[in-house]
Enquirer: 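Below is a structure I'd like to ask you about.
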Amino acid sequence: MKSSSVASLSLLLLLAVSPSASLAQITPDQTLPNPSQVSPDGNQLRLQGGTAAEGNLFHSFEQFSIPLGMEAIFENSPEIQRIFSRVTGNLPSNLDGRLSAQGGADVFLLNPNGILFGENAQLNLGGSFYGSSGEFIEFADGSRFSAANGSSSVLSVTVPVGLGFGSNSGPVVNRSQALNEQGESVGLSLNPGATLSLSGGQVEMLGGRARVVDGQIVLATVADGRLSLRMEEGLESGQMQGRILLSDGALLDTSGPVGGGIWLLGDRLRVQNDSQILADTYGAGDGQGIHLELGELVVIDNSLISTSSFGSGRSGDLNIVANHILVDGAGDLQSSLERLFSLDAIETPQQVGIGLYAMAFADGPAGNINLRATSLQLTNASFISTTTVAEGQGGMINAEISESLVLDGSQLIAETLGNGNAGGVNLQARTIFIGDGGGIFVSTFGGGDGGTVNLQARDTIEIAGTTPNGLFNSGIGSNAFSQAITRAGTINLEAGEIVIRDGGSIGTVTFGEAQAGTIVIRARDRVEVRGISAVGNNPANIASRSEGGGAAGDIEITTGRFILGDGAELLTSTSDSGAAGRLTVRASNSVLISGGVTTTNGDGEPLILRSGLRSDSTLERLPSPIPSSEADVLGAAGDVTVVTPELRLENGAQIVVSSVGEGERGGNLTLEAPRLQLVNGSRLVAETASDVGGNISITSEDLRLSNQSSISTNAIGAATGGNIQINTATLLALENSDITANAQEGAGGQVQISAQGVFGTRVRDRLTDESDITASSERGAEFSGLVEIASPDRQLDSSLVELASEFIPVDQLVADSCLTRRTAAGQFTVTGTGGLPETPFDASAGRYSLLGVVGREENSETVSAHPASSDTAPTPETWQLGQPIQEAQGIQQTADGRLWLGRPQRRDRPCGAS
């Protein structure tokens with residue numbers, strides 16, 4: 001509901017319940033032993049009488065209102081510590097004048113019909129004020145002072161401990177904008193350290209203000225329950241029913257040298273239209289913070305909540321417990337960030353924008369922001385920040401979200417802009433979504449350490465897109481800018497699955513001497529990085545970069561499946577003297593790196609963005625919001641390691657370690673994958689221009705390259721080619737797929753392959769249109785490298801035997817035998833230590849000779865062996881039907897090299913003789 005509608009509704013409510021509010025006065029009832037008395041004195045209404053019980057004074061009124069320009073004064077004796085006043089009639093209390101009391105007594109005003117503070121309402125009290133539409137006040141001895149029944153029972157001498165509410169408590173509304181002696185609009189104000197408590201069926205601050213320096217402010221809405229006056233105990237029974245509304249520039253403020261506290265308890269809290277809740281610390285004391293226990297919190301329309309430190313003391317914490325939290329900036333994050341980066345300094349949370357803050361602006365540390373909710377949603381340039389801009393320590397952002405956390409064009413920030421160390425961000429949720437340039441940032445801009453990000457999602461972390469102009473990625477960042485001198489923080493992510501798409505990013509960058517942070521990712525099911533941004537061609541990425549003298553951090557990913565595609569990147573790099581970090585991927589199931597994207601650059605020319613893993617020293621530099629100096633590329637490329645059962649690169653994908661500058665060395669690429677495939681122009685690269693070349697080491701069982709894929713450790717300029725070491729069971733390279741360790745002006749590298757079989761490729765002294773293995777140099781053969789292949793048969797395809805196209809007639813090859821005419825099925829049995837011939841034309845290597853086999857003599861029990869003569873080969877005779885079948889006597893070889901089974905020299909018995 002818009003603020004104007006809310007204001008109109010409240011006004012109608014006021015007119016409905018109090019048609020003569022402007023004429024209302026203070027009228028005592030007769031329910032107390034010593035009734036209250038009202039004595040008019042000019043513009044003053046002196047409240048006398050009442051029933052005293054030691055330090056307590058009780059008043060009871062039929063109606064209680066203070067018109068504009070009037071002052072109601074409780075005339076109590078100095079020994080009175082607390083004044084309890086109740087309204088037993090049916091009208092709300094309309095207070096548009098001043099309410100005063102003698103000495104330092106606390107004042108309780110109880111009216112179940114409601115309490116309405118006008119624009120000119122003021123409190124002139126020495127103690128605290130409790131305004132409530134509850135039904136009774138409960139005391140420590142169990143007795144009650146009730147406004148519902150006008151009880152005249154014995155009144156308690158003990159301290160009050162709680163307020164009781166029915167189901168239809170009236171509203172408490174504050175419109176007061178009264179001025180203090182300095183002309184400042186303070187509304188309802190009390191002396192420093194006092195407590196201002198407003199409670200009812202609903203509580204509204206419609207442009208109204210309430211300020212208690214270093215004190216406490218309590219707003220509560222309750223139904224059918226009991227609210228403790230001890231603020232830390234909150235609601236003891238009943239329901240948080242009804243809303244709390246701050247609108248039209250409303251203000252709750254307990255800021256001061258110490259920093260007071262604010263407690264809000266209700267079903268819904270809505271802070272809108274330039275409204276603020278402040279409990280800042282300006283001195284050496286530690287602040288009490290802000291504590292919200294709600295069903296729902298909504299902060300919109302240029303409003304904010306802050307418990308920040310502007311002195312040497314620690315600011316209090318911002319604690320929120322709610323079912324749902326929504327912070328909506330209704331703005332443009334792109335413009336907000338550009339504005340923030342253009343500021344010389346940030347001096348107040350109001351400069352940042354709509355949001356929740358616990359920042360440090362001086363020596364004192366910032367408090368923490370602790371959130372516990374079912375859902376948390378930040379949209380349209382809103383912020384949650386514990387940033388430090390000076391010497392003070394930054395605070396932590398801790399969030400336990402049982403369901404969804406959404407950062408849509410909004411940010412969580414725990415950075416350091418000065419010399420104080422940044423705090424950090426700890427988030428737990430079922431799902432986490434970051435989009436439209438939103439993000440989580442723990443960067444360092446000065447002398448302090450960057451913060452740490454710890455994200456845990458039971459299901460999914462998803463990061464997608466950029467701001468509309470493509471300048472700011474959605475993401476998680478731990479950066480060290482040019483003036484930073486220590487280090488950026490660590491990013492730790494743990495989830496069921498992590499998806500980064502369409503230009504989203506997880507990154508750590510150093511633009512100066514500080515070291516970049518480390519990125520550690522663990523995903524139970526998968527990590528998927530895919531696509532580029534709609535504007536700006538920003539690839540989705542996980543990246544660690546050095547743009548200065550500091551080293552880039554490491555990246556470690558452990559998951560079930562790792563998927564990289566559509567131009568996305570996983571990289572560590574340096575474009576200055578700092579070294580690139582190490583990159584390690586461990587996937588228990590598989591790694592798939594797929595394809596690339598063809599787009600256009602700023603000049604409209606075609607631009608191909610390959611998907612890939614990369615660690616390099618490069619001449620390309622990132623745009624920085626804070627300019628950094630140019631420098632030669634001197635840093636070393638990092639190492640890349642992938643460990644997985646199955647690694648597949650397809651459609652131009654790549655894994656690269658590259659050094660194109662004067663870095664101390666190129667990186668090393670280590671792959672451990674039992675099944676490794678490079679398909680359709682994919683490549684593994686370790687290229688270098690440095691003195692120490694990059695190397696590739698592959699451990700696999702099945703390594704396959706196809707369709708112009710490659711493995712290379714080529715050297716640029718005078719550098720020496722890197723080394724390639726492959727240990728695999730089988731290596732297959734087809735369709736002009738190459739393995740190279742070549743050089744331009746330097747010497748070629750080494751290629752060492754250990755395999756059971758190498759198929760489809762040959763070692764050559766230069767590249768051809770076939771699949772090649774080379775280690776050459778453009779300087780000439782004497783600078784060529786070394787290729788060694790250790791394999792039982794390096795070219796197994798050459799050992800295949802072509803079968804003859806002409807076959808020997810079966811009747812010439814197989815001997816006549818009785819076995820061929822028997823009706824029973826036969827058997828073929830191979831025994832002994834020998835085996836079958838390796839080719840159809842090799843003789844058997846059996847243990848027993850086939851020569852000298854003869855038939856049995858008829859009626860004889862003995863078998864004689866007669867060696868077959870091999871001097872001449874007899875002319876084969878064709879067996880005719882009816883002739884006896886004789887067993888072969890031996891193997892004979894014909895003049896043309898063929899083998900045949902020879903006949904015996906005698907035919908002694910017919911087939912089947914016994």
Enquirer: If you round to the nearest 0.5 Å, how far is CG of L356 from CG of L297?
Expert: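 The CG atom of L356 is 6.5 Å from CG of L297, to the nearest 0.5 Å.
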Enquirer: Do T379 and D328 have side-chain atoms, one donor and one acceptor, less than 3.5 Å apart?
Expert: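 Short answer, yes.
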Enquirer: When you compare the side chains of S303 and Q272, does any donor N or O come within less than 3.5 Å of an acceptor on the partner?
Expert: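 On atom types as modelled, these side chains do not qualify, holding no pair under 3.5 Å.
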Enquirer: Looking at R430, I want to see if its CZ is surrounded by more than 12 non-hydrogen atoms of other residues, nucleotides or ligands under 6.0 Å.
Expert: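 Yes, CZ of R430 has more than 12 neighbouring heavy atoms, counting only those of other groups under 6.0 Å.
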Enquirer: Looking only at atom types and distance, does a side-chain atom of N174 sit under 3.5 Å from a main-chain N or O of S176, one as donor and one as acceptor?
Expert: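 Yes; at least one donor-acceptor contact below 3.5 Å.
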Enquirer: Among D274, N273, D301, which residue satisfies the side chain to side chain donor-acceptor pair (under 3.5 Å) criterion with S247?
Expert: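 Filter result, single survivor: N273.
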Enquirer: Closest approach of S478 and G451, non-hydrogen atoms and distance?
Expert: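 So the two residues come closest at OG-O, 4.0 Å.
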Enquirer: Within the supplied structure, the quantity of interest is the number of heavy atoms (other residues, nucleotides, ligands) at a distance under 6.0 Å from E119 CD; does it exceed 12?
Expert: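 Result for CD/E119: open.
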Enquirer: Under the side chain to side chain donor-acceptor pair (under 3.5 Å) rule, what do D459 and T431 come out as? Steps first, then yes or no, please.
Expert: CA-CA 6 Å; D459 292 343; T431 61; over 6 Å; no
Enquirer: Do I384 and L371 have side chains that approach each other closer than 4.5 Å (heavy atoms only, starting at C-beta)?
Expert: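 Side chain of I384 against side chain of L371, heavy atoms only: contact under 4.5 Å found.
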Enquirer: So, do D449 and R487 sit near enough that their side-chain heavy atoms are less than 4.5 Å apart?
Expert: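 Heavy-atom side-chain distance check passes, below 4.5 Å.
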Enquirer: Quick one: pull up CD1 in I498 and CD1 in I542 and give me the separation to the nearest 0.5 Å.
Expert: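 The CD1 atom of I542 is 7.5 Å from CD1 of I498, to the nearest 0.5 Å.
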Enquirer: Would you find a donor on one side and an acceptor on the other, under 3.5 Å apart, between the side chain of N180 and the backbone of Q182?
Expert: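 It does hold such a pair.
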Enquirer: Out of curiosity, L125 CG to L123 CG, how far, rounded to the nearest 0.5 Å?
Expert: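 If we round to the nearest 0.5 Å, L125:CG and L123:CG are 5.5 Å apart.
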Enquirer: We want to know whether Q241 and D267 form a side-chain donor-acceptor pair, criterion being a heavy-atom distance below 3.5 angstrom.
Expert: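 The answer is no; no qualifying pair exists.
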Enquirer: For the residue pair D214 and Q288, what are the closest heavy atoms and their distance?
Expert: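 Distance-wise, the nearest heavy atoms are O-NE2, 3.8 Å.
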Enquirer: Looking at every non-hydrogen atom in both residues, tell me the closest pair between Q483 and F445 and how far apart they are.
Expert: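 Smallest interatomic distance, heavy atoms only, reads CB-O, 3.4 Å.
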Enquirer: Any heavy-atom pair between the side chains of V212 and T195 that's under 4.5 Å?
Expert: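 T195 vs V212: side chains apart.
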Enquirer: Report yes or no: do D280 and S306 form a side-chain donor-acceptor pair below 3.5 Å?
Expert: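 Yes, S306 and D280 have a side-chain donor paired with an acceptor closer than 3.5 Å.
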Enquirer: More than 12 foreign heavy atoms under 6.0 Å from CZ of R458: is that the case here?
Expert: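 Correct, the count exceeds 12.
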Enquirer: If we ignore angles and hydrogens, is there a donor and acceptor under 3.5 Å between the side chains of D363 and S312?
Expert: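 No - no donor-acceptor pair under 3.5 Å links their side chains.
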Enquirer: Is a donor from one side chain sitting under 3.5 angstrom from an acceptor on the other, for S309 and S315?
Expert: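 The criterion, which ignores hydrogens and geometry beyond distance, is not satisfied for S315 and S309.
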Enquirer: Which heavy atom in L405 sits nearest to a heavy atom in A429, and how many Å separate them?
Expert: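 Heavy atoms only, the tightest pair is CB-CB, 4.2 Å.
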Enquirer: Of all heavy-atom pairs between A210 and I217, which one has the smallest distance, and what is that distance?
Expert: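 Here A210 and I217 meet closest at O-CD1, 3.5 Å.
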Enquirer: Give the minimum heavy-atom separation between N398 and N426, together with the two atoms involved.
Expert: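 Between these two residues, the closest heavy atoms are OD1-ND2, 3.0 Å.
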Enquirer: Quick test of your reading of the model: are R270 and E296 salt-bridged, counting only N-O distances below 4.0 Å?
Expert: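 A salt bridge is absent here (no side-chain N lies under 4.0 Å from a carboxylate O).
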Enquirer: Taking the side chain as everything from C-beta on, heavy atoms only, tell me whether D286 gets closer than 4.5 Å to T281.
Expert: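 Contact flag for D286/T281 side chains = no.
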Enquirer: Quick check: does any side chain N or O of S382 sit under 3.5 Å from a backbone N or O of S410, one acting as donor and the other as acceptor?
Expert: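 No, the answer is negative, given that no donor and acceptor are paired below the 3.5 Å cut-off.
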Enquirer: Just to verify, which of N538, T466, N541 counts as forming a side chain to side chain donor-acceptor pair (under 3.5 Å) with S505?
Expert: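 Output: one option passes, namely N541.
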Enquirer: Check this for me: E181, atom CD, are more than 12 non-hydrogen atoms of other residues, nucleotides or ligands nearer than 6.0 Å?
Expert: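 Open.
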